[in-house]
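Down below is the structure, laid out as structure tokens.
Labels below follow one simple rule: chain letters A, B, ... track the order of the sequence lines, proteins then strands, and each chain is numbered from 1. The structure displayed is predicted, hence computed values, not measured ones.
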Amino acid sequence: MHEAYDFKAVQDKWLPVWDKLQPFKSGSDDDARPKKYVLDMFPYPSGDLHMGHAEAYALGDVIARYWVQKGFNVMHPIGWDAFGLPAENAAIKRDADPRQWTYENIAVQKASMRRYACSFDWDRTLHTCDPEYYKWNQWLFLQMYNKGLAYRKDSAVNWCPDCQTVLANEQVVAGLCERCDSAVTKKKLNQWYLKITDYADRLLDDMDQLEGKWPDKVLTMQRNWIGRSNGFEVKFEIEGEADPVTIYTTRLDTLHGATFMVVAADSAFAARLASGSSIEGEFKKYLDSVKAASDIDRLATDRPKTGVFLNRFAINPANGERIPIWASDYVLADYGTGIIMACPAHDQRDLDFAKALGLPIRVVIETGEADPNESGVATSDYGTLINSGTLNGLASLDAVEKLIAELESKKLGKRARNYRLRDWLISRQRFWGTPIPIIHCEKCGEVPVPESQLPVELPSATGLDLKPKGSSPLGAASDWVNVSCPKCNAPAKRDADTMDTFFDSSWYYLRYTSVDRDDVAFDKKAVETWLPVDQYVGGVTHAILHLLYSRFFTKVLHDLGHLNFTEPFTRLLNQGMVLMDGSAMSKSRGNLVKLSDELNTHGVDAIRVALVFAGPPEDDIDWSDVSPAGSLKFLNRAWRIAGDISSKPGVNFKDGDVALRKVTHKSLNDISLAVESFRFNVCIARIMELVNATRKAIDSGCGGADPAVREAAEIIAIALSLVAPYTAEEMWEKLGHKPAIANAGWPVVDPALLEDDAVEVVLQINGKIIDRLEVSPSITKENLEIAARANEKVAAALSGVEVKKSIVVAPKLVNFVI
RNA sequence: GCCCCUGUAGCCCAAUGGCAGAGGCAUGCGACUUAAAAUCGCACAAGUGUGGGUUCGACCCCCACCGGGGGCACCA
């Protein structure tokens, strides 16, 4: 009778030992070993860790621990994304300082991570809410400010009425606040922006080097988000205006079909065209109705088109035609020039508008499809030009070339590009974030805080009303906000807004290299040693926001001379979500599975194994399909093997049972391949297989004293150390070794043992299997065919018939076509 | 509406174009037990969503459709 495996005792036994040995402390910058930087997305400290964290960190851990075993100098750090609204909301509820809530939660999560046995280097950790960290946010902001990459402007911004703060475009999902699901409205405000649009082309083009290393899904999402469009700008004269206006189109070939012009109703240009004219009242009424509509209304695609005629006319430069100008909300003020030429026959939106308001529709491209006048469906394919004067008969693309040449020579048009991407709005009217290091002086205007005065620390929250009210709570901290101008010493005020917390996370991966430095954001040599990140692991929820911003920051810092690379994350793994009964776990849904409960019931290792084994890492896991009890059973079986080994450590494995050794080395080979290709579920299946084979060898094969059995057990322990570190360490001790198994080294596969003595070859006639044959794996094609023809059943089938073709794949199959 | 991913035993999942099954869960039977749980052993099952095509040969490649998931959705 075996003693029972007591996971609780094993956990309590090894944790303090590892704390002392620190098996995952990364080496210094001049370590001779090749480096690997494995990075998990850092958590937001809202309460304790949950199932999603458990999965993500288990996966990252497999990778980090594997490279440690392989002898790499691995850096695997963790920190906390510690600024943000939840801390502030919790503080408001409890009338406390957000600091307290945040640091308490960090302590809770850190303790959980230690128990969860994450292979983090605890000497490299950071909290973005520490002044030692956000000082460098401010420094970075000023670097960008000095380069003109951070600027202020007035514009209608996304406003969340619930959070009482502005949102970046990326934080608005289908018209709703991504955080609280409130309907987002527009508000005219003066705000800080980062000029990410300057980097649009590079952000797009550099994705070529990420191809195959990042999930296609993420690359596609980023490409869509940037939304580069290649087209043309064309100037149109306006009757009664001195200067022509410019429109943007991707379909220059349809220029002759432009039967009207539409300007964005909420643009300054529309207001100017309307002002003082007879339709001004009507226009204002329309504009008011447009402004009242929420984003959700605007986004409804089946919404009927509306607009108002501005009683003005433009001249189509292609044919001199006088076309009416309308204002409508289906044209966006902040894309292109906010003015379009409308070609209803070949653009569905324009067609819908023309039909709704009774405007002419002229087909100018013959595509062979039904006439849009009758079908109501715009024909958007390229084709042959008609109704287009001298261009008639030309193919679309030829017409474009001819037109652009003419327009260019008359300075009426040129090739142009547009992007869906907008500049990144970073100011937030909240307390718990990085203060923007700018002082507003009546005389000098915006004055950057001198570098020597950084950080601009947040004042104490005591006495401040943190409740959202549309302006930053910092504005009320009079001791803090009132300062003298660094330039002229006159009384001035600090900028009271704080930065979007995505600013914090856009460069934290650089800071890990230099957490103990207070004189620089990051040490150049350390960064050049460790970066770029070799493997980044995190949720697909950050496919656009965080990953796009981080790529942007890396390029900016590169251009400023601080980095020698332009992409921060070489490889990216997106783990799936952990669901319960088909939907995301949440307290309100009542389907929340508490991680701490599961850990108490089944132990850390069993939970880690269960999560990793549940399926491919990028797939969602349904917890109702997961069996932590089954995982614990498996760990038990593995652990018992260590107790059944009766040979001494150091015994020569070469003297062991060859059959088992072959299984062992085949498994080892498969395990390595599976880990390196992120098929961690397969990796565990292979370990299970090896455990089963070893069990059999002990019970009914070569027995527990055979060196091959020890070899198998040691390889099981080391492979298991990637996923189930406690069980592995316990096995390692039982096998007579000293801790830590994390540093045992990855066993080397003996290629000679991967060769089978004999393999089974399939014999087919016309693709149908008629027999099997045992042959040597090194058999030649010729010999295999001879052997196949000699087979009784084959010979019988082939006798008297003509073999049209024989396919011989050594050493797998022979197929005779008759 | 457009684009992408996906569909294999009751369930989760494996299978460089070459014997559909590696592993697990669940289930059934047996061993141990006074009994049960745990444990151990054995067994069970699909012809790969549907219809075409390419190929000597297709879960794998191509086309269409169906179901599931995701992204984009007035960006001219």
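- Taking atom P on both B/rC66 and B/rC74, the two are 25 Å apart, rounded to the nearest angstrom.
- Comparing the C1' positions of B/rA38 and B/rU48 gives a spacing of 37 Å, expressed to the nearest Å.
- The listed nucleotides are B/rC56, B/rC42, B/rC25; the one nearest the side chain of A/N815 is B/rC56.
- Per the geometry, CG belonging to A/L611 stands 15 Å off C1' belonging to B/rC25, to the nearest Å.
- Considering only side-chain N and O atoms, A/Y330 lies nowhere under 4.0 angstrom from the phosphate OP1 or OP2 of B/rA76.
- Between the base of B/rC56 and the side chain of A/K804 there is no donor-acceptor pair shorter than 3.5 Å.
- For the 3.5 Å distance criterion, the side chains of A/D381 and A/T367 fail to qualify, holding no donor opposite an acceptor.
- Across every strand in view, B/rA20 sits unpaired, with no contact that passes the Watson-Crick or G-U test at under 3.5 angstrom.
- Distances were taken from every side-chain heavy atom of A/A685 (C-beta onward) to each of B/rG23, B/rC42, B/rA76; the shortest belongs to B/rG23.
- For A/I807, counting side-chain heavy atoms from C-beta on, the closest listed nucleotide (B/rG23, B/rC56, B/rC11) is B/rC56.
- Within the 4.0 Å cut-off from OP1 or OP2 of B/rA14, not a single side-chain nitrogen or oxygen of A/R686 is found.
- Checked against the 6.0 Å centroid threshold, A/F353 and A/F260 count as a close aromatic pair.
- Spacing between atom CD1 of A/I340 and atom P of B/rC74 amounts to 14 Å, rounded to whole angstrom units.
- Protein atom NZ of A/K633 is 12 Å distant from nucleotide atom C1' of B/rG41, rounded to whole Å.
- Note on A/S806: every side-chain N or O is 4.0 Å or more away from OP1 and OP2 of B/rC56.
- As a whole-Å value, the separation of A/F613 CZ from B/rA22 P is 14 Å.
- Atom C1' of B/rC44 sits at a distance of 33 Å from the matching atom of B/rC5, rounded to the whole Å.
- Listed pair A/R679 / B/rC13 fails the phosphate criterion, with no side-chain N or O lying under 4.0 Å from OP1 or OP2.
- In this structure a side-chain-to-backbone donor-acceptor pair under 3.5 Å is missing from A/Y382 to A/I365.
- Using a 4.0 Å cut-off, some side-chain N or O of A/K805 falls inside it from OP1 or OP2 of B/rC56.
- OP1 or OP2 of B/rC40 has not a single side-chain nitrogen or oxygen of A/R695 nearer than 4.0 Å.
- Of the listed nucleotides (B/rA22, B/rA76, B/rG71), B/rA76 has the atom at the smallest distance from the side chain of A/T250.
- Put simply, A/N681 has a side-chain N or O that comes within less than 4.0 Å of OP1 or OP2 on B/rA14.
- The aromatic rings of A/Y335 and A/Y248 sit perpendicular, their planes meeting at an angle over 60°, well past the 30° parallel limit.
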